[in-house]
Peer 1: 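Below you'll find the structure I mean.
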Amino acid sequence: MIKLQNLTKAFNGHTVFSGIDMTIEQGEIVVVIGPSGTGKSTLLRSVNFLERADSGTVSIGDITIDAEHASADDILALRRQTGFVFQNYALFAHLTALENIAEGLITVRGWRKNQAHAKAREILTQIGLADKAAHYPAALSGGQQQRVGIGRAMALQPELLLFDEPTSALDPEWVTEVLQLMKSLAAQQQTMLVVTHEMQFAREVADKVIFMADGGIVEQGTPDQLFNNPQDPRLKRFLRQVGIERKDQEDLAHRS
Ligand SMILES: Nc1ncnc2c1ncn2[C@@H]1O[C@H](COP(=O)(O)OP(=O)(O)OP(=O)(O)O)[C@@H](O)[C@H]1O
Ligand SMILES: [Mg+2]
């Protein structure tokens, strides 16, 4: 189980979020939605201390650490339980797809190179890129790069996978293959915390949807509750905006 308790974070005296509590059960997919600038990325990054919250605790399995007092060793122990998938993939440009996936196993887990490469080949097959093992990121499409980004996180077999808008830097044509891969992970009961604007994905895959606004969790529930029966006016407005944006895009597509 993953638990956030009373997490608070400010930048330069400006509170981004406060009093965030969240529980994610083993195998659950939790999707976080909300307007730009509400602290979704900061929250996600605080879970594995890419960003350090000012106070509160993060628990993953039997590790609990306090944001205020965590030591470097505590943070390392927690990070070993998580994998992070970035919006812009953040692959190593000088490493092949295979080496990108093997890298963490070698440097973080201390695996031998041939062992790590064998595992990376397995992962490449799972993510449908067995034939791209020797390609450098520059020779892969955006969708393929992001699948390698996910493969790299999968290789570490983390308790929790964190995704920060994994499809929003992609050309529309590559979004489906990445969402498809995420769905296959969900089907394997991989616990995931996902920030995304892909409302359809949230509807189909999430066990729980969390709406953040104004520095806190405003509403949470099943996709059915949040999308079909929203309560808070801010959520209603947000859903309308997302809907309107999509309609605008369709209108534009029809006109062009
Ligand atoms: N390193 C930083 N230093 C100072 N302020 C920051 C930093 N990172 C984020 N912020 C501020 O914190 C707030 C929350 O940012 P965050 O990126 O978490 O929002 P978000 O919900 O992920 O937005 P988006 O949907 O646009 O990605 C914003 O006001 C942002 O300007
Ligand atoms: Mg963000």
Side-chain angles (χ1 to χ4, degrees), residues 2 4-22 24 29-58 67-68 70 75 78-79 82-91 142 145-146 149-150 153 160-172 174-175 178-179 182 192-203 205-206 208-221 223 226-227 230 232-246 248-249:
I2 289 109
L4 312 183
Q5 282 179 294
N6 207 10
L7 270 194
T8 297
K9 174 72 183 170
F11 285 116
N12 317 315
H14 167 79
T15 300
V16 181
F17 53 75
S18 62
I20 299 277
D21 293 318
M22 190 186 294
I24 308 173
I29 318 301
V30 174
V31 170
V32 179
I33 60 172
S36 183
T38 33
K40 304 181 299 296
S41 296
T42 307
L43 177 64
L44 210 64
R45 295 166 65 84
S46 299
V47 173
N48 75 340
F49 286 74
L50 287 173
E51 202 73 73
R52 190 166 180 152
D54 299 322
S55 61
T57 60
V58 177
E68 256 174 297
I75 291 173
L78 187 93
R79 282 216 183 117
T82 67
F84 203 102
V85 177
F86 298 88
Q87 179 176 9
N88 62 358
Y89 337 129
L91 299 179
Q145 288 184 59
Q146 188 56 300
I150 295 172
L160 173 68
L161 269 184
L162 300 158
F163 294 80
D164 191 4
E165 299 201 31
T167 60
S168 59
L170 295 174
D171 288 340
W174 307 124
V175 170
V178 170
L179 292 179
M182 291 171 69
M192 304 199 265
L193 179 59
V194 183
V195 174
T196 184
H197 290 298
E198 293 289 335
M199 297 299 149
Q200 193 51 39
F201 174 82
R203 257 181 208 276
V205 181
K208 186 161 75 192
V209 180
I210 290 178
F211 174 66
M212 273 181 80
D214 301 331
I217 294 174
V218 169
E219 199 165 326
Q220 57 181 308
L226 257 82
F227 291 121
D232 192 279
R234 287 167 290 183
L235 173 56
K236 289 180 185 171
R237 190 178 337 125
F238 175 76
L239 291 175
R240 226 164 26 236
Q241 278 164 356
V242 176
I244 286 164
E245 271 168 27
R246 190 171 299 144
D248 284 349
Q249 282 166 7

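Note that ligands are numbered from 1 as they come in the structure, with each ligand's atoms numbered from 1 the same way. If you read the sequence from its start, that first residue is 1, and numbering goes on from there.
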Peer 1: What atoms of ligand 1 come within less than 4.0 Å of a heavy atom belonging to Glu165?
Peer 2: 25 (O), 27 (O)
Peer 1: Please write down residue, atom name and distance for the protein heavy atom closest to atom 19 (O) of ligand 1.
Peer 2: Gly39 N, 3.2 Å
Peer 1: With a heavy-atom distance limit of 4.0 Å, tell me whether Thr38 approaches ligand 1 through its side chain, its backbone, both, or neither.
Peer 2: both
Peer 1: Quick one: does Asn48's side chain have a donor or acceptor within less than 3.5 Å of a partner on Thr82's backbone?
Peer 2: no
Peer 1: Any protein heavy atom under 4.0 Å from atom 30 (C) of ligand 1?
Peer 2: no
Peer 1: Provide, to 0.1 Å, the distance between atom 18 (O) of ligand 1 and the closest protein heavy atom, together with that atom's residue and name.
Peer 2: Thr42 OG1, 2.5 Å
Peer 1: I'd like to know if the side chain of Arg52 reaches the main chain of Ala70, judged simply by a donor and an acceptor atom lying under 3.5 Å from each other, with no hydrogens or angles considered.
Peer 2: yes
Peer 1: Kindly compute the distance separating CZ (Phe201) from CE (Met182), expressed to the nearest 0.5 Å.
Peer 2: 4.0 Å
Peer 1: Can you find an N or O of Val16 that's nearer than 3.5 Å to an N or O of ligand 1?
Peer 2: no
Peer 1: Does Lys9 qualify as a cation-pi partner of Phe11, given the criterion of NZ or CZ under 6.0 Å from the six-membered ring centre and within 45 degrees of its axis?
Peer 2: yes
Peer 1: Does the Lys40 side chain pair with the main chain of Gly34, one donor and one acceptor, at a distance under 3.5 Å?
Peer 2: yes
Peer 1: Side chains of Ser41 and Asp164: is there a donor and an acceptor less than 3.5 Å apart?
Peer 2: yes
Peer 1: Evaluate Ser41 for polar contact with ligand 1, using N/O atom pairs at a separation under 3.5 Å.
Peer 2: yes
Peer 1: Where is the nearest protein heavy atom to atom 24 (P) of ligand 1: which residue, which atom, and how far?
Peer 2: Ser36 OG, 3.6 Å
Peer 1: Looking at atom 23 (O) of ligand 1, what's its closest protein heavy atom, distance included?
Peer 2: Gly37 N, 2.8 Å
Peer 1: Would you check whether His14 has a nitrogen or oxygen atom less than 3.5 angstrom from a nitrogen or oxygen atom of ligand 1?
Peer 2: no
Peer 1: Among all protein heavy atoms, pick out the one at the shortest distance from atom 9 (C) of ligand 1; state its residue, atom name and that distance to 0.1 Å.
Peer 2: Phe11 CE1, 3.4 Å
Peer 1: Within the 3.5 Å criterion, strictly below it, is a donor on Thr196 or Glu165 matched to an acceptor on the partner's side chain?
Peer 2: no
Peer 1: Is there side-chain contact between Phe163 and Ile150, with heavy atoms separated by less than 4.5 Å?
Peer 2: yes
Peer 1: Any N/O/S of Ser41 under 2.8 Å from the Mg ion (ligand 2)?
Peer 2: yes
Peer 1: Answer yes or no: does an N/O atom from Glu51 fall short of 3.5 Å to an N/O atom of ligand 1?
Peer 2: no
Peer 1: Enter the distance from Gln220:CD to Ile210:CD1 here, rounded to the nearest 0.5 Å.
Peer 2: 4.5 Å
Peer 1: Would you mind checking which non-hydrogen protein atom is closest to atom 25 (O) of ligand 1, with the distance to 0.1 Å?
Peer 2: Lys40 NZ, 2.7 Å
